[in-house]
Each structure stands twice: as structure tokens, then as C-alpha cells.
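Have a look at the structure below before the remarks.
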Amino acid sequence: MLSSIKLSPSSFTSTGFLPKRRSIPTPQFSPLPIIKSLHSAFPTQSFSSQKPLHVASIDNLAISKNTQQRKTECQAYEADRSRPLDINIELPDEDARLEAAKRIKIGIYFATWWALNVVFNIYNKKVLNAFPFPWLTSTLSLAAGSLLMLVSWATRVADAPKTDFEFWKTLFPVAVAHTIGHVAATVSMSKVPVSFTHIIKSGEPAFSVLVSRFLLGDSFPMPVYLSLVPIIGGCALSALTELNFNMTGFMGAMLSNLAFVFRNIFSKKGMNGKSVSGMNYYACLSMLSLLILTPFAIAVEGPQLWAVGWQKAVSQIGPNFVWWVVAQSVFYHLYNQVSYMSLDQISPLTFSIGNTMKRISVIVSSIIIFHTPVQPINALGAAIAILGTFLYSQAKQ
């Protein structure tokens with residue numbers, strides 16, 4: 001790009017053409033835009049001081065026979081009217097690349113979330129079949145997650161959150177609801193098949209709408225209320241046709257739904273403006289829930305019952321039972337941690353759809369692994385309830 005041309009006198013000798021030395025102007029290039037030099041050197045030409053010039057071509061130096069003067073022709077054009085190069089250079093579409101990377105990342109989140117949840121439910125059910133103490137099992141799940149995060153913070157694998165008293169104050173009601181929901185779900189799975197617990201838990205949107213409508217005064221569009229019909233109807237059909245129905249298991253799943261609805265409400269109201277990542281938020285939630293749950297677990301079940309039940313389970317299962325307990329505790333924390341981390345990356349609608357698909361994967365895998373007998377009418381009720389959950393997530397948006 002030619003920013004300016006400054007003409008200065010210089011001399012040269014041509015023995016074949018000129019009889020004497022003669023001073024002529026020679027173009028010199030300067031990085032500074034000296035516009036005045038252009039006008040003085042070429043008074044008849046009009047130059048724009050607002051746009052840079054590009055040199056198109058400079059003819060060979062020649063001497064006119066008539067005038068015996070050096071003649072230089074310079075062709076230039078303005079930058080905004082530059083002639084395109086005859087070269088096709090295809091630049092990668094940056095937006096498309098970023099969108100593809102985002103979809104891959106979300107897919108990895110979902111696959112990891114579903115896989116960890118399936119593994120947790122399998123080991124959790126194995127532990128509860130051999131060791132029917134859901135309060136201790138729930139406590140160990142929270143303890144394992146708390147220990148993992150404390151080690152991660154101490155070794156700087158993960159950055160510790162910056163919290164204050166106000167943070168823990170707003171987290172407390174969330175932790176209470178989380179503790180109740182966690183224990184209630186574990187009690188349910190200790191009494192009924194995993195598939196039945198998750199079918200009933202797919203009715204959580206119905207509790208969410210009812211609580212928000214009658215306690216908080218929120219209103220929803222008609223499609224949201226209509227989506228509750230298949231949810232409630234499907235859950236009722238599954239409960240009535242469940243071969244291994246147990247009232248304690250059924251009420252535990254229902255109570256878990258209600259508790260998790262309040263957990264979500266308290267979390268939304270209390271955490272606005274709090275700059276804590278999803279991973280650290282769930283870690284703090286687990287620690288506070290552990291402190292709340294431990295005294296109640298000791299009061300309800302107690303160390304004496306735990307010792308007797310532990311010895312019986314180890315004698316029947318062998319050393320693998322210890323691995324089952326460790327696995328269900330660790331995978332419980334991991335799948336919840338991934339779900340909270342995914343909330344930082346995806347929209348609530350995408351998360352709801354992923355949660356619906358997660359329940360399908362858990363129900364199908366548990367039926368296959370534990371050989372749970374399922375009647376066609378029971379399977380139909382489960383399908384209707386899950387379809388209603390999907391419709392609810394669409395209508396809510």
C-alpha cells in the first residue's frame with residue numbers, strides 16, 4: 001500500500017542519451033502520509049487523503065526523444081475499489097465450527113450423565129438388597145462426595161469457591177430439601193424396583209406446577225396444565241399395575257418429588273447473583289446436607305443395626321459388597337456433579353429433555369439387569385408418564 005510519495009532531487013548520468021548531467025525528481029517512499037508532497041509533485045492530479053492507494057504498475061523508465069525528459073507512469077487505485085485477486089481462498093466458517101464443538105460438548109455431558117446415573121442406580125439397588133439401611137446408604141453417598149471435593153480443593157485440582165456466611169445461609173433451605181429428597185428416594189428404592197421409583201419420580205413436573213400455582217401464585221399457560229394429564233395418568237396406571245407395589249416405596253418416591261421441587265424453588269430464589277460454579281455449588285450442597293442428615297441417620301437406624309447388617313451382607317456377598325458400597329457412593333456424587341456442571345452450559349429446556357431421557361435409560365437398564373417383571377399395561381403407563389414429562393418441558397418454554 002502506498003501511503004505517500006515524496007519527491008526529492010537526485011541525479012543520474014546517461015552517457016547514451018543525455019549530453020550532460022541533469023537533476024530530475026525521483027520517487028521516494030515514506031511510511032508517513034505526506035499528502036502535501038503529492039500535490040506539489042502532481043498539481044494536476046486529484047488525490048484522496050482519506051483512502052490509501054495501491055500501486056498497480058510502474059512502467060519501465062524511458063526518455064522521450066522529443067523532450068529528452070524522463071517519463072514515469074504510475075497507475076494507482078483506491079483501496080475500497082481494489083481489484084480482487086484471482087485466487088479462491090475458502091476460510092473456515094467460525095460460527096459453524098463453534099456450534100459443532102458446542103454440540104459435541106453437550107453430547108459428552110449427556111452421555112456421561114446418563115452413564116453415571118445408570119451405574120449408580122444399579123449399585124445402589126444391589127447395596128440396598130443386601131444391606132437394607134437407606135439412611136446410612138444416603139449418608140455414605142453424601143460423605144463420599146464431600147471427601148472427594150475436599151481433596152480436590154486441597155490438591156488444587158479444582159478451585160475452591162469463595163463463600164461467605166450469606167452464601168451458607170441461603171444454601172441451608174436448599175440443603176434441607178435436598179436431604180429429604182435424597183433419603184426419600186433411597187427409601188423408595190429399598191422397597192420397590194428401581195424402574196417403579198423412576199416412573200413415579202417422572203411425575204415431578206406435576207408437583208412443580210401445583211406448588212408454584214397454589215403456594216407461590218405463579219400462573220402457567222394452558223398447554224402446561226394439559227401436559228400434566230398424561231403425567232398423572234401414566235403414573236397412576238403404573239402404580240395400579242405394579243406387581244411389586246409397596247406403599248412405603250410409593251410414598252417415598254412421591255415425597256422425593258415434592259422435596260426436590262422445593263429444592264429447585266429455594267435454589268432459584270437464594271442463589272441469584274452468586275458467582276459459584278455448578279460443580280462447587282453441588283459440593284457445598286453435599287457437605288451441608290451431610291451435616292444435616294448424619295444425626296437423623298444415627299437416630300433412625302443407629303450403629304448397632306448397621307454393624308449387624310454389615311456383617312450379614314459381607315458374609316453373604318463377600319468382599320465385593322464393600323466395592324458395591326464405594327461404587328454407589330462415588331457414582332452418586334459424580335452423576336449429580338455432572339448434572340450441575342451441565343446447567344452451566346445448556347438451557348433449562350435442554351436440561352429437562354436430558355433428564356427425561358435419563359429416566360428412560362435408567363428404567364430400561366434396571367429392568368434388563370434385575371429381570372424386573374413388567375406387564376404390558378404397566379409399560380404403557382410408564383411410556384405415557386414419560387411422554388407427558390417431555391410435553392411439559394416443551395410447553396413450559
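- When ring centroids are compared, Phe110 and Trp114 come within the 6.0 Å threshold.
- The distance from the CZ atom of Phe250 to the CE atom of Met254 is 4.5 Å, given to the nearest 0.5 Å.
- Checking Asn129 against Lys126 by side-chain atom types alone, no donor-acceptor pair falls below 3.5 Å.
- In this structure, Tyr340 has its ring center under 6.0 Å from that of Tyr282.
- Between Trp310 and Phe133, the distance separating the two ring centers is not shorter than 6.0 angstrom.
- Side chain to side chain, Ser256 and Lys201 meet the donor-acceptor criterion of an N or O pair below 3.5 Å.
- Ring centers of His182 and Tyr332: under 6.0 Å apart, within the cut-off.
- Using modelled atom types and a 3.5 Å distance limit, the side chains of Asn280 and Trp153 yield a donor-acceptor pair.
- Under the 3.5 Å distance criterion, the side-chain polar atoms of Asn378 are matched with a main-chain donor or acceptor of Ser238.
- Atom CG of residue Leu128 and atom OH of residue Tyr123 lie 14.5 Å apart, to the nearest 0.5 angstrom.
- The distance from the CD1 atom of Ile363 to the CD1 atom of Ile368 is 12.0 Å, given to the nearest 0.5 Å.
- Listed by chain and number, the residues in a side-chain hydrogen bond (donor to acceptor under 3.5 Å, both in side chains) with Asn121 are Asn117, His198 (sequence neighbours excluded).
- Between the side chains of Thr186 and Thr137, no donor-acceptor pair of N or O atoms lies under 3.5 Å.
- With sequence neighbours left out, Arg103 forms a salt bridge (Lys or Arg N to Asp or Glu O under 4.0 Å) with Glu99.
- Counting all heavy atoms, side chain and backbone alike, Thr139 lies closest to Ala297 at OG1-CB, 3.5 Å.
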After noting the C-alpha distance and the side-chain angles of Ser286 and Ser146, does the key distance pass the side-chain hydrogen bond (donor to acceptor under 3.5 Å, both in side chains) rule? CA-CA 6 Å; Ser286 296; Ser146 301; 5.3 Å; no

Would you check, one step at a time, whether the test side-chain contact (heavy atoms from CB on, under 4.5 Å) holds for Val325 with Trp323? CA-CA 5 Å; Val325 174; Trp323 159 247; over 6 Å; no

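- Shown are Asn264, Asn355, Val209; of these, the side chain to side chain contact (heavy atoms under 4.5 Å, CB included) with Glu204 is made only by Asn264.
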